[in-house]
Amino acid sequence: MLRLVLRGLATRKLRSALTAIAILLGVTMISGTFVLTDQIDRAFVQIFEQGNAQIDVVVKDRPPFEDQQTEVYLDADVVDRVRDVEGVALAEPFLQVQGYLVANGEQLVSQGGAPNFVFSSLPQAMNPYTPVAGRLPEASGEVAVAKEIAEQGGLEVGQAAQLATQAGARDVTVVGILQFGDGTTSLGGSTSVIAPLADVQAWWSLDGKASYIYAKAADGVSEDELAGRVRTALDDPGLIVQTAAEDSAEQASELNALIGRLIRFALLGFAGVAVLVGAFIIFNTFSITVAQRTREFAMLRTIGASRRQILGTVVGEAFVIALAATLVGLVCGLGFAWGLNRVFELVGFGLPATGLRMPWQTVVVCLVVGIGVTVLAAIGPALRATRIAPVSALRDGAAPPRGRLARLTPVIAVLIGVLGGAALAAGLTQDIATEQRLATLAAGAIAIFIAVAILSRYIVRPVVHAAAPPITAVAGGVGRIAAENTGRNPARTAVTAAALMIGIGLVVFVTIFVGGLRESFTGAIDDSLESELIVTAQGFGSPLPAEVLPAVRAVEGVAVASPVGGTPAQIGPGTFALIGVDPADIDQVYSFDWEQGDDALIAQLGADGAVVEANVASDLGVGVGDSIDVVSITGATATFEVRGLYADEQFLNGVTITQEALGPLLQSNATGINTLFVKEAEGADSAAVQAAVEAALEPFPTAQVQSNAEIKEQIESGVNQLLVIFYALLALSVIISLFGIVNTLVLSIFERTREIGMLRAVGTTRRQLRRMIRWESVITSIIGGVLGVLIGILFGWVTAQGLEAEGIVFILPVGTLLLFLALSIVAGVVAAILPARRAAKLDVLEALQYE
Amino acid sequence: MSTTEATPAPPARGTGDVVAATDLTKVYGEGESEVRALDGVTISFPHGQLAAVMGPSGSGKSTLMHILAGLDQPTSGSVIVDGTELAGLNDQKLTLLRREKIGFVFQFFNLLPMLTARENIELPMRIAGASPDPAWQDTLIDAIGLGDRLSHRPSELSGGQQQRVAVARALLSQPAVVFGDEPTGNLDSRTGAEVLQLLRRAVDEFGQTVIMVTHDASAASIADRVVFLRDGKVVRDSGRMSASEILDTIKTLE
């Protein structure tokens with residue numbers, strides 16, 4: 001029987017290849033995703049291992065609660081106690097902060113969001129950086145830079161530059177150019193500058209502070225042993241003592257959890273869509289071929305093949321196709337990963353690189369998914385093949401019998417749809433973990449896709465009848481025949497269209513969803529802000545120097561400059577933002593959307609009053625008059641009384657108190673100013689004011705000034721970039737569904753060979769025949785496109801309802817939707833090219849004699 | 001029936017009836033639209049006979065063959081094939097029965113296009129997971145006279161050659177009975193004659209039993225026995241007849 005399977009596939013090469021492509025592309029994405037994230041994972045591990053290669057023990061601060069966004073510091077003089085521990089050969093405090101060099105008027109910052117680091121210098125014996133030119137910095141005002149930055153800025157040893165610090169720009173001299181580790185490890189686009197510890201402490205307001213204490217063991221003392229001794233000697237629950245290996249593993253896994261997992265999750269999601277579309281196509285292809293091979297299966301049955309053998313033949317065919325497609329897909333995955341690397345590089349988000357490798361788990365996952373999904377999709381048609389009566393071999397025009405459940409199909413489909421709807425509703429409204437929520441939503445969406453795919457067969461005939469007159473008017477007689485052909489086998493047309501529907505549906509959904517997201521940001525700017533300019537610090541979450549506030553207030557044409565800053569704090573069971581505002585003028589730049597209370601409250605907040613964002617308050621379970629206990633990241637505690645509630649998901653999403661009350665809760669380097677809202681004087685020239693503010697901030701290079709319009713533009717372009725990525729990833733699913741249309745057309749032309757010969761015999765030209773096939777394709781793709789747009793709108797609307805509290809709004813981008821419909825028509829035309837040519841090439845005589 | 005000389009592997013069969021049907025009826029539909037395709041047919045076919053079943057369209061001849069071959073169930077009556085009562089056999093048992101005891105030659109779609117002629121001949125044995133008797137296979141291959149065309153695909157063979165391959169396929173497992181469904185219906189008279197001669201040899205030299213449905217008088221004229229059906233009943237059951245006698249009989253039936 002295996003020979004039968006292999007020979008059968010070899011004879012139907014085109015069909016087999018088209019079917020294989022349906023699963024191949026999905027497997028390629030899965031394989032590529034794992035190859036890519038494996039590469040990122042290994043790169044992070046390598047970075048931290050090389051960073052810690054010269055040291056044995058790490059001591060760090062244990063914050064009162066976990067918050068990965070915030071750097072914490074310990075007292076640098078802990079190093080003295082570490083040095084006293086027996087077996088410690090060397091111990092040094094180490095400080096890492098964010099900052100960058102400015103040389104020749106150019107900011108030497110990373111491209112695409114990787115961090116810009118400033119590290120304190122360590123003795124060479126402990127330092128992962130070694131000079132390739134010059135030396136490590138020693139005196140105040142000296143810096144050394146990684147060779148990547150030196151290349152970027154054309155820096156040389158001895159060159160003067162400026163270091164952008166939290167205290168403003170500082171003049172420095174480049175004394176060395178460094179390489180990290182063995183020089184082969186990419187740092188993923190991040191930049192690093194090394195300066196003496198005292199400079200870093202002074203310029204970042206971290207006097208007497210360190211990020212870590214590093215210790216190196218004397219000969220013959222192991223890492224574990226030394227860590228144990230240091231832990232015992234320090235005996236401080238506020239400090240964490242780890243071996244260098246533990247520390248690097250922890251840091252790598254934290255970063256991987258942040259980046260690798262995110263990329264994997266997103267890419268696998270899109271790969272899942274591609275696989276789902278592939279499953280539809282495989283199901284359809286096998287349904288059609290089983291129907292066409294009714295005689296063959298019946299003949300096999302009459303000459304003694306059992307039902308199980310028939311099942312084996314069909315499933316075996318699916319298995320062989322899937323195996324071949326998966327193996328090819330695995331290899332293509334390497335190419336996919338390579339391509340993604342190039343894409344990330346192009347958009348300036350260089351991924352940390354190591355060589356591409358195919359982990360064995362990837363092979364297993366791809367084989368299981370590729371073969372599993374294909375066989376699962378083929379099992380229905382295969383079971384149908386087993387129900388073919390042997391006597392069909394002796395009868396004309398036989399088709400496989402309908403299953404026993406066929407009459408119940410619509411009922412089952414409706415049931416699946418209802419369950420899917422329930423899952424969507426539950427996923428949006430229930431309070432569950434993010435991963436469960438996404439899984440529930442995905443299951444709901446898949447169920448709805450399947451239900452619509454099944455039920456849409458009932459709309460195929462009405463749609464075709466409605467479409468026939470206009471198509472006939474445009475395309476003449478062949479248009480009419482094309483319409484009838486499409487309606488001839490509604491289930492087949494419906495499933496083919498459904499494959500396209502999934503891709504288009506998701507494209508429409510992300511368009512609507514991301515549009516709503518953008519609107520929630522830009523809408524908040526319009527609704528909440530009464531200021532015209534915003535000053536923020538470069539580097540995510542970095543504070544602005546305190547001197548910025550008086551500098552901006554002094555600018556002519558500035559009416560109000562109001563500072564807003566914050567710190568993460570543990571309140572009740574969770575971590576929330578504690579936000580400090582200036583009660584004197586916040587109401588002039590920001591308009592509170594009060595649910596309880598009014599602007600007058602702000603002036604009376606004092607040292608112990610707070611107003612709370614409404615959703616945060618409901619998470620905390622507090623209302624006006626309740627008091628809340630707060631633990632800041634430094635461990636400082638405070639109690640506030642809730643005086644009012646307001647709604648704002650964007651700017652003040654947390655517990656708002658006065659700047660004065662916030663001060664004691666901040667770390668030593670934080671100024672309490674993360675943002676300045678700047679309001680112009682009445683009648684001032686906006687452009688002139690912005691230029692003046694920029695000029696006033698020149699000594700503080702980390703401060704950046706943007707107008708509200710510029711921020712909106714920035715959001716807009718970020719959102720558009722996101723959309724482009726989504727579209728590119730969904731395009732693969734749409735392409736797969738095109739192969740589905742090609743496959744269905746090729747198969748239906750094959751079974752209509754005699755009919756096509758007849759059409760040609762009675763005078764249909766090749767051109768007309770091609771046009772007929774093209775219309776069949778376009779009708780199918782329009783059904784898929786319309787269903788996709790409708791289902792995408794539905795998903796978008798449901799999501800917007802579910803996330804209304806997060807400020808997501810529902811907007812219908814009519815123009816874009818029409819464009820997608822037009823694109824689906826184009827897709828239909830493209831898909832018809834090959835089948836139409838095949839149909840037109842048929843020899844009239846041979847076709848007529850074809851059985 | 002003639003005895004054979006120098007036949008390497010004549011199937012060892014007892015005498016007596018290979019296929020015996022008793023009081024077969026087959027009713028399609030109900031009430032007004034009821035059609036009695038078979039109406040009390042009792043007939044048996046002894047070992048080593050080439051029998052032709054004839055009758056006009058709708059006479060029930062195809063239905064009779066389907067039921068005798070276990071492909072269709074009678075409404076009532078019994079069928080015994082080589083000692084096995086078919087009534088009450090499930091699909092699995094019927095499949096095994098077809099595999100072991102019955103060979104088929106069809107009018108259309110006889111061979112799998114992706115297999116060579118030789119592979120098509122061996123197909124039922126492969127399905128059954130058995131290996132053919134090599135001597136018997138050689139004899140058969142010799143008998144169909146395909147020579148070096150055995151490694152060709154069906155599309156490269158003429159209609160007559162394809163049908164001879166189909167006959168060899170039906171005979172390879174040495175079944176108790178071979179059923180033919182219009183085996184010459186799709187062939188011209190010359191190539192049809194070649195296929196008929198092959199069937200004749202199968203009976204004469206190899207001791208096979210063949211039952212074929214046909215409405216070709218010249219095909220029926222090579223049979224040892226001609227059975228005429230009309231309206232679901234056997235109306236004439238005769239020994240060997242000439243083609244013209246057969247044509248006359250058909251005229252009286254229509």
Side-chain angles (χ1 to χ4, degrees), chain A residues 1-16 289 291-314 316-317 320 383 385-399 401 750-751 753-754 843 846 849-851, chain B residues 61-63 65-67 69-73 90-116 119-130 153-155 159 166 169-173 175 178-183 185-186 213:
Chain A
M1 294 310 273
L2 179 65
R3 171 151 39 164
L4 201 60
V5 168
L6 293 177
R7 284 291 180 74
L9 290 174
T11 328
R12 296 182 290 270
K13 281 194 196 68
L14 180 67
R15 262 183 274 174
S16 308
T289 47
Q292 287 175 356
R293 293 164 70 194
T294 300
R295 276 281 184 91
E296 179 186 328
F297 291 129
M299 191 274 280
L300 285 170
R301 293 279 282 130
T302 55
I303 65 173
S306 64
R307 287 188 170 181
R308 184 176 301 190
Q309 282 173 313
I310 299 292
L311 186 75
T313 316
V314 180
E317 229 170 76
V320 172
L383 285 173
T386 66
R387 284 196 295 268
I388 294 170
V391 73
S392 309
L394 309 166
R395 284 185 184 148
D396 254 343
F750 174 77
E751 80 189 357
T753 302
R754 217 173 338 175
D843 183 273
E846 279 177 23
Q849 285 164 352
Y850 187 85
E851 280 161 20
Chain B
K61 60 182 190 300
S62 292
T63 305
M65 192 192 72
H66 294 164
I67 290 173
L71 296 175
D72 203 352
Q73 247 96 90
N90 64 17
D91 183 79
Q92 183 63 20
K93 292 207 169 112
L94 274 175
T95 302
L96 290 178
L97 178 99
R98 285 198 296 273
R99 206 180 258 184
E100 288 159 10
K101 302 196 168 171
I102 298 176
F104 283 96
V105 179
F106 311 108
Q107 180 180 5
F108 293 115
F109 199 85
N110 235 327
L111 305 177
L112 288 185
M114 58 274 201
L115 299 182
T116 65
E119 287 165 343
N120 265 294
I121 292 173
E122 293 169 353
L123 183 63
M125 301 295 280
R126 298 241 177 248
I127 287 173
R153 298 278 167 90
S155 57
R169 182 184 67 190
L171 292 174
L172 185 65
S173 64
V178 171
F179 287 100
D181 176 35
E182 304 271 9
N186 199 31
V213 167

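Per chain, numbering begins at 1; letters A, B, ... match sequence-line order. Note that the coordinates shown come from a computational prediction; the quantities given were computed from them, not determined experimentally.
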Practice problem: Flag the pair B:Leu115 / A:Arg7 as yes when at least one side-chain heavy-atom distance between them is below 4.5 Å, and no otherwise. | Solution: yes
Self-check item: Side-chain heavy atoms of A:Thr302 within contact of B:Phe106, under 4.5 Å
Solution: yes
How far apart are the closest heavy atoms of [X] and [Y], and which atoms are they?
X	Y	answer
B:Gln92	A:Ser306	OE1-CB, 4.1 Å
B:Ile127	A:Gln309	O-NE2, 2.6 Å
A:Pro390	B:Arg98	CG-NH2, 3.4 Å

Quiz item: Under a 4.5 Å heavy-atom cut-off, does chain A meet the side chain of B:Glu182, its backbone, both or neither?
Solution: neither
Drop me the distance from [X]'s [atom1] to [Y]'s [atom2], to the nearest 0.5 angstrom.
X	Y	atom1	atom2	answer
B:Asp91	A:Arg387	CG	CZ	12.5 Å
B:Asn120	A:Ile303	CG	CD1	8.0 Å
A:Leu300	B:Thr95	CG	OG1	11.5 Å

Self-check item: chain B contact via A:Arg301 - which portion, at a heavy-atom distance below 4.5 Å
Solution: both
